[in-house]
Amino acid sequence: MAVLKPRTLSGFMELLPAPQQQMERIMEVIRQSFSLYGFTPLDTPIIEASEVLLAKGGGETEKQIYRFTKGDADLSLRFDLTVPLAKYVAMHYSELSFPFRRFQIGKVYRGERAQRGRFREFYQADIDVIGDGKLSPINDAEIPAIIYRVFSTLGLNRFQIRVNNRKILNGFYAMLGLSELSGEVMRTVDKLEKIGEATVRGILVDDLGVPGEKADEILKFIAISGGSKAILAALEGYRGRNPLFDEGLDELSLVVNYLDSFGVPSENFVVDLTIARGLDYYTGTVYETALLDHPEVGSVCSGGRYDNLAEYYTEKELPGVGISIGLTRLFYVLGEQGMLNPDLLTAPTDVLILPMTEDLGPAISFATLLRQDGIRAQLHCEDKKFKAKMSYADKLRIPYVVFLGEDEVNSGVVACKDMFSGEQTKLAAVETAALIKAGLTEKNKGAVILG
RNA sequence: GUGGGUGUAGUUCAAUUGGUAGAGCACCGGAUUGUGGUUCCGGCUGUCGCGGGUUCGAGUCCCGUCACCCACCCCA
């Protein structure tokens, strides 16, 4: 019979069991980290009515969204987690308590060309804080702490949280009389690191029609660098010329000043006046996180402050601040760079039990004992050679194999082999369980996801 | 959407100026009866992406097509 060639669509990540385990661990770290800051878990449908997801209209979303019809229904796959959140908050406004802090880890879909580190289906891990009418900028200051917590808990050190404030940029461009162009200018300046100063100036002057001396002022402005405090000090020099700028500077100062209290080391944080990133609804603080050793892969976590999350769905004013971790991309990079700890236990079970007697009772009882003790156990009763079963345990990197043959059953013990050390013990069931438990704790000790 | 590249066993790749396909890894089996990972021996697999053309003859040249990859755009 002719069989169909199996294939997975381009841009869709499909993992083997061991990497999937690592992915799950990463998700778990993210979940726990988010929980530590008082965020509540949320899940929303992957499919929504197109009119809801496309309420904003125009732009990239329209071009890239997966849209289809089912009967009369015009449906779309969610493009990000923020728009569904907006709908959710608008819809359940009266049932929610504000500030509403939620986290959500879910797949999103973008019908663009797949590329290295760029997927069509990928996980985003989002947190957002939504205020009712107003939202304290202290929330902006807390975000870097959460990012830092997630990345450092994963075992990463070489990353940098970059922060900027759009009010500062917009205010600055207003000072130059370039308000109408600020979007274009920001987009251009954002590419500085990639294309260089000369090219940026060329685009500003030749393509956008920015007068030469103003382009130079822009370049001078974005070239402000140094430690966060030094940058703030330099920015103070521009104070008093534009109210929006001043407001942004106040917000940025707040973020910087509380970093220490929030436990964010200064080496993992920088004020970067070039970043403008993100969807165009960002209005204040913006964040971007870069892996210092892999600048080429792009952002793995970005976000910012927006004035009005749900303007398309409600008259209520709902400002918010949030970030999105590009989990799939992050995982892809970590794997590609060999940064996933190979010593991390990824076996589907802790113990593989091999019964070798007609009566499976003792083996099943032992499995039950282990499971009651919180130890993952699997029976292997298939009609296979003993060697094949050992090989199975080995390939899956299962840490313990237990043998239950005539000898063991008759003398009331179980034989247990530590597959990593090769040592084998023959002890009573309860003692073996205790031994395994202690051994697992030892093997898991300091098991960071990244190594 | 625009530009470039590539398509050969499960996988990574190889195949002299066009002459009807190989290697490593993986996989499977064996090296005496209840012990894996190392080693040794043996074995398996391909419509050479698909369709057409040139040719005595094409994996190797030409056209088309599809798929994938890379860059741009945009972004996680």
Could you list all N or O pairs between the protein and nucleotides 65-70 of chain B that sit under 3.5 Å apart?
residue	atom	partner	partner atom	Å
C69(B)	OP2	S10(A)	OG	2.6
C70(B)	OP1	R116(A)	N	3.0
C70(B)	OP2	R116(A)	N	3.0

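- Counted within 6.0 Å of CD on E14(A), heavy atoms from surrounding residues, nucleotides or ligands total 12 or fewer; the atom is thus considered open.
- Taking every side-chain heavy atom of R110(A) into account, A76(B) is the closest of A76(B), C74(B), G34(B).
- With a 6.0 Å radius and a threshold of 12 heavy atoms from other residues, nucleotides or ligands, Y258(A) has its OH atom at or below the threshold.
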All N/O contacts under 3.5 Å from nucleotides 37-44 of chain B to the protein, with atom names and distances to one decimal?
residue	atom	partner	partner atom	Å
G37(B)	O4'	D394(A)	OD2	2.9

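- Distances shown here put a side-chain N or O of S302(A) below 4.0 Å from the OP1 or OP2 atom of A76(B).
- Atom name P, nucleotides C50(B) and G59(B): the rounded distance is 11 Å, in whole Å.
- For E28(A), the CD atom counts as densely surrounded, since its 6.0 Å shell holds more than 12 non-hydrogen atoms of other residues, nucleotides or ligands.
- Of the candidates Q22(A), Q20(A), Q21(A), Q20(A) is the only one forming a side chain to side chain donor-acceptor pair (under 3.5 Å) with E24(A).
- A straight line from CZ of F79(A) to P of C74(B) spans 13 Å, rounded to a whole angstrom.
- A donor-acceptor contact under 3.5 angstrom links the side chains of Y306(A) and D128(A), judged on distance only.
- Between U38(B) and C73(B), the distance separating the two P atoms is 47 Å to the nearest Å.
- G51(B) sits 15 Å from C66(B) when the P atoms are compared, rounded to a whole Å.
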I'd like a table of atom pairs between the protein and nucleotides 27-32 of chain B - only N or O on both sides, under 3.5 Å - with the distance next to each one.
residue	atom	partner	partner atom	Å
G30(B)	OP1	K385(A)	NZ	2.3

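- In this structure, R110(A) contributes its side chain and F122(A) its backbone to no donor-acceptor pair below 3.5 Å.
- C40(B) and U47(B) have their P atoms separated by 31 Å, given to the nearest Å.
- Among the nucleotides A76(B), C74(B), G36(B), the one closest to any side-chain atom of S391(A) is G36(B).
- Applying the ring pair (Phe, Tyr, Trp, His ring centres under 6.0 Å) rule to Y287(A) yields no partners; only residues at least two apart in sequence or on another chain are considered.
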Name the atoms and distances for all side-chain donor-acceptor pairs under 3.5 Å in residues 264-273 of chain A, with sequence neighbours left out.
residue	atom	partner	partner atom	Å
D272(A)	OD1	T274(A)	N	2.8
D272(A)	OD1	T274(A)	OG1	2.7

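- We find that OH of Y109(A) is positioned 17 Å from P of A76(B), with the value rounded to whole Å.
- Looking at heavy-atom distances under 4.0 Å, F119(A) makes contact with a base.
- For F403(A) and G34(B), the ring-to-base geometry does not satisfy the stacking test (centroid distance below 5.5 Å, interplanar angle below 30°).
- In this structure, the NZ atom of K191(A) is 8 Å from the C1' atom of C73(B), given to the nearest Å.
- Side-chain N or O atoms of R329(A) include none that pairs as donor or acceptor with a backbone N or O of R118(A) at under 3.5 Å.
- Across the protein-nucleic acid pair, M390(A) atom CE and G36(B) atom C1' stand 4 Å apart, rounded to whole Å.
- Rounded to an integer number of Å, the gap from Y123(A) OH to A76(B) C1' is 14 Å.
- In this structure, L85(A) CG and D126(A) CG are separated by 8.0 Å, a value rounded to the nearest 0.5 Å.
- Side-chain atoms of K214(A) do not come within 3.5 Å of backbone N or O of Y173(A) as any donor-acceptor pair.
- Here the CG atom belonging to L254(A) is positioned 4.5 Å from the CD1 atom belonging to I138(A), to the nearest 0.5 angstrom.
- No donor-acceptor pair closer than 3.5 Å links the side chain of S391(A) to the backbone N or O of K387(A).
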How does RNA chain B look in dot-bracket notation if pairs are Watson-Crick or G-U with both distances under 3.5 Å, crossing ones as [ ], other-strand ones as |?
(((((((..((((........)))).(((((.......))))).....(((((.......))))))))))))....
B/S/- contact track for nucleotides 5-11 of chain B, protein heavy atom under 4.0 Å:
-------
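- Separation of the P atoms belonging to G49(B) and A15(B) is 15 Å when rounded to the nearest angstrom.
- Between the CZ atom of F122(A) and the P atom of C75(B) there is a distance of 12 Å, rounded to whole Å.
- Between the side chains of Q104(A) and R102(A), at least one donor-acceptor pair of N or O atoms lies under 3.5 Å.
- Interface residues of residues 142-161 of chain A facing RNA chain B, ordered by number: none; criterion, heavy-atom separation under 4.0 Å.
- Going from the C1' atom of G4(B) to that of U39(B) covers 47 Å, rounded to whole Å.
- Under the salt bridge (Lys or Arg N to Asp or Glu O under 4.0 Å) criterion, the residue pairs touching residues 139-150 of chain A are R101(A)-E142(A), D140(A)-R305(A), with sequence neighbours excluded.
- Partners of F103(A) by ring pair (Phe, Tyr, Trp, His ring centres under 6.0 Å), not counting sequence neighbours, listed by chain and number: F34(A).
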Exercise answer: donor-acceptor pairs, residues 357-368 of chain A side-chain atoms, under 3.5 Å, sequence neighbours excluded:
residue	atom	partner	partner atom	Å
T357(A)	OG1	D359(A)	O	2.9
D359(A)	OD1	G361(A)	N	2.9
S365(A)	OG	G361(A)	O	3.0
T368(A)	OG1	I364(A)	O	2.9

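- Rounded to a whole angstrom, the distance from the P atom of U16(B) to that of G22(B) is 14 Å.
- For K194(A), the listed nucleotide lying nearest its side chain is C72(B); candidates were A76(B), G34(B), C72(B).
- In this pair, F119(A) and Y332(A) present their aromatic rings perpendicular. The plane angle is above 60°, beyond the 30 to 60° band.
- Ring geometry for F159(A) versus F151(A): interplanar angle of 30 to 60°, hence tilted.
- Atoms CG (L352(A)) and C1' (G36(B)) sit 11 Å apart, rounded to a whole Å.
- Residue pairs meeting the ring-ring contact (aromatic ring centres under 6.0 Å, His included) criterion with at least one partner in residues 385-413 of chain A, sequence neighbours excluded, are H380(A)-Y392(A), F386(A)-F403(A).
- In this structure, R120(A) forms no cation-pi arrangement with F12(A), as its terminal cationic atom is not both closer than 6.0 Å to the ring centre and no more than 45° off the ring axis.
- For G34(B), the base has a donor-acceptor partner in the side chain of E408(A) [N/O atoms by modelled type, under 3.5 angstrom].
- Rounded to a whole Å, the CD atom of E62(A) is 17 Å from the C1' atom of C75(B).
- Taking atom P in both G18(B) and C62(B), one finds a spacing of 11 Å when rounded to whole Å.
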